[in-house]
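The figures here come from the full heavy-atom set of this structure, side chains too, leaving out hydrogens, waters and symmetry mates. The model shown is predicted, which means the values in this text are computed figures rather than measured ones. If you read the sequence from its start, that first residue is 1, and numbering goes on from there.
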Amino acid sequence: MPAYVVDLKADMKWIGLVERFKEELLRRFNGGILKIVALYSPKDRLYDSNVLVVVKEDDAGVVEGVIEAALEAEREMGLEGVISPLVVGPEERRIIEGFEGFEVVC
């Protein structure tokens, strides 16, 4: 399974925001991010989140940094309240597999 997947049929604003979020996470965590899984749309939710961030070490400081990265990405893109990240460690296989296998049912 790839570490980063972007469905290019998704809305371009959403793709741009996820890309900016990824850049901000990589800048802040320098190797501490293992995987980012964004759902197809910002309106899609799993565990009340639309982006999963898998980190090497899951603690309060990391969670705070991920939230700050989301806010910064949104500010730079002129958006507000769009990214709803869920931060987990690599041991949370059920959650990771849920995000990776998420499908929109029409």
Verdict with supporting geometry, V53 and F21, side chain to side chain contact (heavy atoms under 4.5 Å, CB included): CA-CA 10 Å; V53 181; F21 180 47; 3.9 Å; yes

Stepwise side chain to side chain contact (heavy atoms under 4.5 Å, CB included) test for K35 and L52: CA-CA 8 Å; K35 187 179 291 196; L52 177 69; 5.8 Å; no

Test: E80 and R75 ion pair at under 4.0 Å: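 Answer for the salt bridge query: no.
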
salt_bridge(R27, E23) N-O dist < 4.0 Å: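 Answer for the salt bridge query: no.
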
Answer whether the closest heavy-atom distance between the side chains of [X] and [Y] falls below 4.5 Å.
| X | Y | answer |
| --- | --- | --- |
| I96 | V54 | yes |
| L17 | L79 | yes |
| N50 | Y40 | no |
| E24 | R28 | yes |

Which atom of I83 lies closest to which atom of E74, heavy atoms considered: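 Heavy-atom minimum between the residues: N-OE2, 2.6 Å.
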
Residues in salt bridge (charged side-chain N to carboxylate O under 4.0 Å, His left out) contact with E92, at least two apart in sequence or another chain: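 With neighbours one apart ignored, the set is empty.
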
Just verifying a value: how many Å separate [X] [atom1] and [Y] [atom2], rounded to the nearest 0.5 Å?
| X | Y | atom1 | atom2 | value |
| --- | --- | --- | --- | --- |
| E100 | E97 | CD | CD | 7.0 Å |
| E19 | W14 | CD | CH2 | 12.0 Å |
| F102 | L39 | CZ | CG | 5.0 Å |
| I67 | S84 | CD1 | OG | 9.0 Å |
| E64 | D59 | CD | CG | 10.0 Å |

Working for side chain to side chain contact (heavy atoms under 4.5 Å, CB included), residues L86 and F99: CA-CA 10 Å; L86 175 60; F99 268 82; 3.9 Å; yes

Polar side-chain atom of K56 near backbone of G31 as donor-acceptor pair, under 3.5 Å: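 Yes, K56 side chain to G31 backbone: donor-acceptor pair under 3.5 Å.
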
Test item: S49 side-chain N/O and V51 main-chain N/O as donor-acceptor pair under 3.5 Å: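 No; zero donor-acceptor contacts below 3.5 Å.
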
Over 12 foreign heavy atoms within 6.0 Å of CD, E91: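 Enclosed: over 12 neighbouring heavy atoms sit under 6.0 Å from CD of E91.
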
R93, CZ: over 12 other non-hydrogen atoms inside 6.0 angstrom: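 Yes, because the 6.0 Å sphere around CZ of R93 holds more than 12 heavy atoms from other groups.
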
Side chain to side chain contact (heavy atoms under 4.5 Å, CB included) between V55 and D58, intermediate numbers included: CA-CA 6 Å; V55 297; D58 181 12; 4.1 Å; yes

Residues that R45 engages under side-chain hydrogen bond (donor to acceptor under 3.5 Å, both in side chains), provided they are two or more places apart: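 R45 satisfies side-chain hydrogen bond (donor to acceptor under 3.5 Å, both in side chains) with no other residue.
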
Test side-chain hydrogen bond (donor to acceptor under 3.5 Å, both in side chains) applied to E76 - qualifying residues, sequence neighbours left out: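 Checked E76 against side-chain hydrogen bond (donor to acceptor under 3.5 Å, both in side chains); matches are R20.
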
